[in-house]
Amino acid sequence: MINSKNHSIRQINWVLRVLLVVGVIGELIFFPSVPNFFGCVMAIISYMVFSYFFKEEYIRLFPFAFLMYLSMFMYRFLPLIATLAEGKPITYGFERPYQTFISEIILFLVSSIAFYFACNPNKVSFQNNLIKKTLQKVNFYEINIRIIWAMGLIGFIIKAYNLSTGAAEYGDVAGKFLIGLEYLMFAPICLLFPDLIKLKYKHKKIVWAYSILVIILNIASNKRHLIITPIGTIGLLFFLHVILKNINLTKLISPFKLIGGGILIILVLNMLSNLSTAMLHTRDVMLYNAEQRNNADKLKAFEKTIEILQNKSLMARLKEKKNKKEYKPLTNYHQDWSEHYVDNFLLARYANMRITDETLYLAEKKGYANKQMLDLLKNGIIGQLPSTILKFFDINYNKSLFEFSRGDVLSGKSLGGYRVTSHVGDGLVTFGYWYFPLQAIVFFIVFKLLNTFVYYNRNNLKYAPLAIMSIFSFLGMFRNANGISSDISYIMRGFLQNIVTYMIIYMIIRKIFQIISPKYNLTQ
């Protein structure tokens with residue numbers, strides 16, 4: 001049942017408004033300039049449009065599409081807050097501020113239109129399309145506690161195995177398949193909020209202990225973004241839980257809990273910051289490029305990171321070096337590629353708008369609707385097809401020749417650095433101004449596919465367990481990476497591949513339990 005007066009939404013909205021007002025006033029007082037004013041306008045417009053969709057009906061009926069849309073909002077809203085908190089203007093390091101803010105406003109409006117037509121609560125009428133009905137027949141929306149723990153164990157073992165073997169090379173079908181199953185390790189974390197998958201579970205302490213093990217395992221990968229994933233998964237599950245249950249956060253969190261929670265958050269952030277610093281130094285010591293980083297001994301890298309963390313004098317020198325680096329003169333785009341914008345590595349993944357500014361600068365130099373970038377996209381689309389299909393149609397396509405990113409080509413620097421690119425920068429250099437309507441169509445399709453993970457019943461909704469256990473991935477579907485090609489990749493391969501691999505594991509586990517216990521059923 002949808003509540004028009006959702007307590008948690010109103011409270012979160014109040015926080016967003018306060019942050020926006022403080023951000024705008026602070027920006028105009030401490031960094032008064034016309035470009036910074038445009039940055040404030042972008043944040044205001046983004047909030048106004050987002051607030052239209054920030055309602056329980058959109059979150060309840062289209063939770064996974066909403067999370068992708070949330071990341072779109074964060075990218076335009078957080079830079080104002082994050083830079084101000086670090087004593088910087090929102091245009092820190094920018095060389096194309098007007099073009100950056102105007103382009104991002106247009107893209108956000110285009111994205112919002114796509115979301116509106118793909119996720120219209122008035123047209124839901126609780127009707128399921130053919131895809132949903134087919135998935136329902138194979139129990140895609142059903143799960144139980146035993147299967148969840150079995151999936152978690154499989155995912156945990158696969159992750160530990162992959163850490164010991166390194167990255168899978170092109171052509172390594174088995175290796176790629178295993179990497180695609182690592183998300184299964186997050187399955188038991190769903191039991192912290194079992195109501196989201198229509199289950200009851202009381203042994204939360206076991207789940208918390210398991211979650212800590214997952215975090216430790218991800219730290220061992222020596223990749224900073226993997227540290228965020230389990231924490232982000234818990235955070236998003238809590239977000240959905242409080243909104244769908246209409247929980248009053250002020251009553252849930254007492255002043256004592258608020259103070260204690262604030263202290264805990266500060267300690268955790270400080271620990272993550274130290275861990276990030278140690279990881280970066282480990283890369284400097286042991287790893288030199290992307291290929292070495294993928295093939296390195298992860299256990300040795302983890303041991304080195306822990307060793308660095310325990311060396312207090314070294315950590316002090318690294319922090320001092322980091323602070324000096326942060327305040328050195330900014331690198332101009334014509335000098336070198338530079339992503340330096342927000343110092344906090346957590347915020348940098350969702351608020352680094354300097355990437356947009358930089359890629360727009362490079363796109364302008366390369367020329368909009370550039371043939372090289374368009375041909376590269378076409379080759380990338382062909383490369384999305386599995387090797388077996390390419391061989392069947394006698395298509396000679398060597399995937400190992402494309403071990404680089406679109407950002408590498410756009411920057412004109414050495415290939416293999418896997419530089420990220422922004423959606424709008426990559427889109428304009430590839431399609432010109434036709435990019436905006438094309439991106440709207442692509443986003444519409446992606447939103448529609450994400451809505452497949454919600455099955456409508458007469459009295460309630462069913463969320464696909466696959467979507468719940470991989471919920472953090474939806475928040476990352478719009479961020480600086482490979483632009484529109486990432487969205488096309490999800491449409492062509494990612495969506496179906498995730499469902500197929502999940503169902504293979506599900507069927508195997510279910511069959512094993514049925515053999516062990518002939519009376520086994522999904523409701524046990």
Side-chain angles (χ1 to χ4, degrees), residues 8 56 58-71 119 128 131-132 135-136 138-156 159 180-204 206-208 210-211 214-215 218 228-245 247 446-447 449-457 460-477 490 494-495 497-506 509-510 522-523:
S8 50
E56 184 180 338
Y58 283 99
I59 299 172
R60 184 178 292 274
L61 298 175
F62 318 104
F64 311 112
F66 178 83
L67 289 177
M68 181 179 176
Y69 182 69
L70 175 63
S71 67
C119 307
N128 298 295
I131 298 176
K132 292 185 181 183
L135 292 174
Q136 170 68 3
V138 294
N139 298 315
F140 179 67
Y141 301 95
E142 307 291 342
I143 202 166
N144 71 5
I145 292 171
R146 286 196 290 179
I147 292 179
I148 285 177
W149 278 109
M151 285 184 169
L153 180 61
I154 291 172
F156 195 91
K159 180 64 179 179
L181 296 178
E182 286 185 357
Y183 73 90
L184 291 173
M185 78 172 99
F186 301 115
I189 296 179
C190 300
L191 295 176
L192 292 174
F193 307 97
D195 52 292
L196 294 176
I197 45 179
K198 308 298 181 185
L199 294 176
K200 294 181 180 180
Y201 192 75
K202 297 180 180 179
H203 308 292
K204 301 290 181 67
I206 298 176
V207 182
W208 280 113
Y210 174 82
S211 301
V214 170
I215 293 173
N218 278 7
I228 309 173
T229 305
I231 299 173
T233 298
I234 295 171
L236 290 181
L237 292 175
F238 176 74
F239 170 77
L240 280 185
H241 173 75
V242 297
I243 288 179
L244 299 183
K245 290 294 184 179
I247 296 173
V446 173
F447 286 139
L449 291 178
L450 295 181
N451 291 340
T452 303
F453 296 126
V454 183
Y455 187 82
Y456 303 116
N457 276 341
N460 54 36
L461 305 170
K462 288 183 180 179
Y463 298 144
L466 165 63
I468 292 295
M469 65 181 66
S470 57
I471 192 170
F472 189 70
S473 65
F474 303 123
L475 193 68
M477 289 184 70
Y490 185 75
F495 172 74
Q497 180 174 280
N498 290 345
I499 291 177
V500 171
T501 54
Y502 170 83
M503 287 307 301
I504 290 173
I505 299 298
Y506 174 85
I509 295 174
R510 188 166 180 259
L522 285 169
T523 60

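Just so it is clear, the values below take in all heavy atoms, side chains as well, and ignore hydrogens, waters and symmetry mates.
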Given side chain to side chain contact (heavy atoms under 4.5 Å, CB included), test Tyr183 with Phe472 step by step and report yes or no.
CA-CA 10 Å; Tyr183 73 90; Phe472 189 70; over 6 Å; no
Run the side chain to side chain contact (heavy atoms under 4.5 Å, CB included) check on Leu67 and Ile471 step by step: do they pass?
CA-CA 8 Å; Leu67 289 177; Ile471 192 170; 3.4 Å; yes
Which is it for Leu450 and Phe66 under the side chain to side chain contact (heavy atoms under 4.5 Å, CB included) test, yes or no, and what are the steps along the way?
CA-CA 9 Å; Leu450 295 181; Phe66 178 83; over 6 Å; no
Chi angles and distances behind the side chain to side chain contact (heavy atoms under 4.5 Å, CB included) call for Trp149, Leu153
CA-CA 6 Å; Trp149 278 109; Leu153 180 61; over 6 Å; no
Going through the checks in order, is the ring pair (Phe, Tyr, Trp, His ring centres under 6.0 Å) test met by Phe239 and His241?
CA-CA 5 Å; Phe239 170 77; His241 173 75; over 10 Å; no
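Of all non-hydrogen atoms in Ile148 and Ala187, the two that sit nearest each other are CG2-O, 3.4 Å. Between Met151 and Ile505, the closest heavy-atom pair is CG-CG2, 4.4 Å. The minimum heavy-atom distance linking Ile189 with Leu237 is given by the pair O-CD1, 3.9 Å. The minimum heavy-atom distance between Pro230 and Ile215, with the atom names listed, is CG-CG1, 3.6 Å. Here the closest non-hydrogen pair linking Lys159 and Asn218 is CE-OD1, 3.8 Å. Shown here for Ile197 and Pro465, the closest heavy-atom pair between the two residues is CG2-CA, 4.2 Å.
Tyr455 has its side chain out of reach of Leu461: every pair of non-hydrogen atoms, C-beta onward, lies at least 4.5 Å apart. The shortest distance between side-chain heavy atoms of Met477 and Val446 falls below 4.5 Å. Side-chain contact between Cys190 and Met469 is present, with at least one heavy-atom pair separated by less than 4.5 Å. Looking at Asn451 and Cys119, their side chains come closer than 4.5 Å, going by heavy atoms from C-beta outward. Annotation: side chain of Leu191 is not in contact with side chain of Lys204 (no heavy-atom distance under 4.5 Å).
For the atom pair CD1 of Ile243 and CD1 of Ile59, the computed distance is 3.5 Å after rounding to the nearest 0.5 Å. Between atom CZ of residue Phe186 and atom OG1 of residue Thr229 there is a gap of 5.0 Å, rounded to the nearest 0.5 Å. Asn144 contributes atom CG, which lies 9.5 Å from atom CZ of Arg510 (distance to the nearest 0.5 angstrom). The distance from atom CG of Leu236 to atom CZ of Phe193, rounded to the nearest 0.5 Å, is 10.5 Å. The distance from atom CE of Met68 to atom OG of Ser473, rounded to the nearest 0.5 Å, is 11.0 Å. Separating the CG atom in Leu240 from the OH atom in Tyr463 is a distance of 7.0 Å, to the nearest 0.5 Å.
For Tyr141, the side chain to side chain donor-acceptor pair (under 3.5 Å) criterion is met by no residue, not counting sequence neighbours. Considering only residues two or more places apart in sequence or on other chains, Ile499 meets the side-chain contact (heavy atoms from CB on, under 4.5 Å) condition with Leu135, Phe140, Phe453, Leu466, Phe495, Met503. Legend: residues meeting salt bridge (Lys or Arg N to Asp or Glu O under 4.0 Å) with Lys132, ordered by chain and number and at least two apart, are absent. Contacts of Gln497 classified as side chain to side chain donor-acceptor pair (under 3.5 Å), with partners at least two apart in sequence or in another chain: Arg493. Applying the side chain to side chain donor-acceptor pair (under 3.5 Å) rule to Thr501 yields no partners; only residues at least two apart in sequence or on another chain are considered.
Residue pairs meeting the salt bridge (charged side-chain N to carboxylate O under 4.0 Å, His left out) criterion with at least one member in residues 460-473, sequence neighbours excluded, are Glu142-Lys462.
Close placement of the Phe64 and Phe474 rings is indicated, their centers lying within 6.0 Å of each other.
Ring planes of Tyr201 and His203: perpendicular class, angle over 60° (limits at 30 and 60°).
Within the 3.5 Å criterion, the main-chain N or O of Gly152 finds a donor-acceptor partner in the side chain of Tyr210.
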